[in-house]
Every structure is written in structure tokens, then in C-alpha cells.
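Remember, predicted model here, so these are calculated numbers, not experimental data.
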Amino acid sequence: MTDINKMIQKWHASFKKGTDFDSWGQLVEAIDEYQILARHLQKEVQSTASSSELSEDQKKTLSKIATCLELRSTALQTTQSQEAFKLEDLKTLEPILKNILSYNKDFPFDVQPVPIRKILAPGEEENLEFEEEEDGGAGTPDFFTTRVPGAVEGTLLPRLPSEPGMALLTIKIEKIGLKDAGQCIDPYLTVSVKDINGVDLTPVQDTPVATRKEDTYIHFAVDVEIQKHIEKLPKGAAIFFEFKHYKPKKKFTSTKCFAFMEMDEIKAGEIVIELYKKPTDFKRKKLHLLTRKPLYLHLHQTLHKE
């Protein structure tokens, strides 16, 4: 068996693994597998002609499959809608990937090939120009993320209707302390509520881009309405805050650090929480503080109960 046939077998196995996870509702695992496969497909697409056994048309098809994997991954991380890329749609690409060497029909979806760029899957190491973290160590690269054009206003949601005897939580994000706060371009926070396995319990929300920077602080002063009554959150759940900013040299939005609040920390008043190094660990298994310096995320909590 030739090298390319072995590679296609690996791609197909990864594709099947991802769609199986997706079918079983193991969304975190599915997202990881989709992003890793998209990364490998793009690596092949970006290889030079002399080192690749694929034609330019075949590479274009692979790149479109990578686009669809990204679309499905994005759909699993956000609130499902009619426009979201569905699992059934993704599964129609399995025979195309499996038979890429003989496939010569039009691609079934009107998508554009992924632009030439770095796509980093969770846990993967790349020989990138690593950014220096606050304590002087080399940073861990996070996977590729984008913002929808025009999303500088954020995607915050209104407060849910109240229910007798149940509490709703408003979190005011005051400010975040960072050594290089003044250098961050288009900074914003992604807020999500995850169960103990890292699966979303509510829609993911983005704050508007912060415009006020002062010394080592970026000020947000925005209210985030948690989209589930506190009593309905399962044991072990946590609220995550991912700090993101745009990197013009690399042309993508990067997660610089993250913080989280566990259920026993939900109480009215001010709270200051620690910042951790990326990539975001939604399962909270391997946590590493971003810095030894006293820099934190500053929040104010308000509980609403009838």
C-alpha cells in the first residue's frame, strides 16, 4: 500500500471517529477530532507539489472538507440554529474523503477552501513563533478561532424569565489584569457554562470588544446573564471566561488565557479569580497559572430571586 493510501485510511478513520462521537453526543471529543483532522488535511493541502501525490483539484476538495469540519465544529460550540452545519451533511462527505483519489464530481456544498493559515488542534504542538507568557515561559499554542464579521458588538443574551423559588445570575465583568494589556488588539471574553465533562449547558456568549485600557487593566464593565437558573445547574458545573485578542501577524484570534468559577463561588458581591494558561481546559484536569504576578479577572455577581 502506498503512503498516500495509508494516509487516506488514517483520515477516514479519524473522520469516522469524529462522526461517531458526534452521533453519541460526545461533543467535546467530536470537536477535538474534527479540528485535528482539519489540521491534518490542511497540512497535506499546503505541502509542496514534489512531496504530495495529490492533484491540485484533489487538494481543493480536501480543503473544502476541512472547511466543513470547521463548520460542524463551530456548530457544536454554539447555539444550534437552522443554518448550522448538520451531522447528516458532514456524513455525506465520508465517501468523498475515502475515495479522494478517484473523486471527480462537483463538491456537494457551496463552501470555500480554507485559506492558507495555521490551524491548531487542541493538544497539538506547532513550530510557531510562541508568544512569551507573563512568567517568561513559552506559551502553548491554542487552536484556530474566528469571530463572525461585525461581532465587535458581542453576542450577549437578555436575562431569562424568572421562576418562583429559583435564582438567576448576572455577572458584571469589570476588568482583567494583564502585563501587556495595552498591546491587546480587539480584546473580548467568551463566557460559557460547562458540565464536569466540558459540555456546554447554556449558549456561549461573547462580550463586546473592550475599548478602555488603563495600565495593566482592560476594562469591560458589561453584564452577562447566565442562561440557566442556578438550581438547574448540575453538580460540578463551572462558568468559564476565555480572554481572546486578535493577532495581526498570524491573522487569527487567539485565546490568551482563561478563568473559571465553580458552583460554590456563586454568591452576591465582588469576586476576583485567577487566570490560567491556555489551552482552555474545560475539564479542569491540568491547570497552570498564567503568571505569578497578582493579575486577575475582576467580577461582580448579582443574584435575582423571586
Side-chain angles (χ1 to χ4, degrees), residues 1-47 49 52-124 143-149 151 155 192 197-200 203-204 252-253 282:
M1 185 181 290
T2 64
D3 288 343
I4 190 62
N5 283 320
K6 288 179 182 177
M7 187 67 70
I8 291 168
Q9 274 196 354
K10 288 181 180 179
W11 292 340
H12 179 242
S14 177
F15 187 98
K16 187 72 168 58
K17 189 176 179 183
T19 54
D20 282 348
F21 280 138
D22 202 341
S23 299
W24 299 332
Q26 294 177 248
L27 305 188
V28 175
E29 291 83 357
I31 290 166
D32 283 0
E33 199 64 38
Y34 290 153
Q35 289 171 343
I36 289 169
L37 178 55
R39 157 78 176 79
H40 286 306
L41 295 183
Q42 277 302 97
K43 185 177 180 181
E44 181 62 31
V45 168
Q46 293 171 20
S47 65
S52 176
E53 299 178 50
L54 298 176
S55 69
E56 288 306 308
D57 283 345
Q58 289 165 345
K59 285 185 177 183
K60 190 175 291 186
T61 299
L62 278 187
S63 193
K64 288 183 176 183
I65 292 173
T67 298
C68 292
L69 289 164
E70 285 193 24
L71 289 173
R72 180 59 189 161
S73 177
T74 299
L76 292 178
Q77 297 177 73
T78 57
T79 307
Q80 292 289 349
S81 68
Q82 294 300 316
E83 292 76 30
F85 199 82
K86 296 179 175 59
L87 174 59
E88 293 73 23
D89 294 333
L90 189 64
K91 283 184 173 180
T92 64
L93 303 180
E94 184 177 348
I96 298 176
L97 181 61
K98 187 177 181 181
N99 302 293
I100 188 68
L101 295 177
S102 59
Y103 184 77
N104 57 8
K105 298 178 183 177
D106 290 336
F107 199 75
F109 302 107
D110 184 18
V111 296
Q112 295 301 311
V114 178
I116 300 300
R117 65 194 177 201
K118 294 289 182 183
I119 302 175
L120 305 178
E124 285 201 300
F143 60 85
F144 167 83
T145 59
T146 59
R147 294 198 89 194
V148 177
T155 59
S192 58
N197 295 312
V199 176
D200 282 316
V204 176
F252 61 73
T253 294
F282 292 122

Item to check | Atom pair CD1/OG of I100 and S55 - distance to nearest 0.5 Å | outcome: 8.0 Å
Item to check | Over all atoms of both residues, closest heavy-atom pair of I31 and S73 | outcome: CG2-OG, 3.4 Å
Checklist outcome for this item: Taken to the nearest 0.5 Å, the spacing of L97 CG from L69 CG works out to 8.0 Å
Checklist outcome for this item: What one should report as the nearest heavy-atom pair of F109 and L93 is CE1-CD2, 3.8 Å
Next on the checklist: Between M7 and D3, does the side-chain contact (heavy atoms from CB on, under 4.5 Å) criterion hold? Intermediate values first, please.
Outcome noted: CA-CA 6 Å; M7 187 67 70; D3 288 343; over 6 Å; no
Checklist outcome for this item: Heavy-atom nearest pair, L41 first then A66, reads CD1-N, 4.1 Å
Checklist outcome for this item: To the nearest 0.5 Å, atom CG of L37 lies from atom NE2 of H12 at 10.5 Å
Checklist outcome for this item: Heavy-atom nearest pair, A30 first then G18, reads CB-O, 3.7 Å
Item to check | side-chain contact (heavy atoms from CB on, under 4.5 Å) between D89 and C68, worked out | outcome: CA-CA 9 Å; D89 294 333; C68 292; over 6 Å; no
Next on the checklist: Could you report the tightest heavy-atom contact between G198 and F282, atom names first, then the distance?
Outcome noted: CA-CB, 3.8 Å
Checklist outcome for this item: Per side chain to side chain donor-acceptor pair (under 3.5 Å), R72 is matched among D22, T19, T67 by D22
Checklist entry - If you look at every heavy atom in L54 and W11, which pair is closest and at what distance? => result CD1-CH2, 4.3 Å
Next on the checklist: Looking at K10, is its backbone amide N or carbonyl O close enough to the side chain of S14 to form a donor-acceptor pair, meaning the two atoms are under 3.5 Å apart?
Outcome noted: no
Next on the checklist: Determine whether a donor-acceptor pair (N or O, by modelled atom type, separation under 3.5 Å) exists between the side chain of S63 and the backbone of K59.
Outcome noted: no
Checklist entry - So how far is it from I8 CD1 to F15 CZ, rounded to the nearest 0.5 Å? => result 14.0 Å
Checklist entry - How far does NZ of K86 sit from OG1 of T92, to the nearest 0.5 angstrom? => result 12.5 Å
Item to check | Rounded distance (nearest 0.5 Å) linking atom CG of L87 with atom OG of S23 | outcome: 4.5 Å
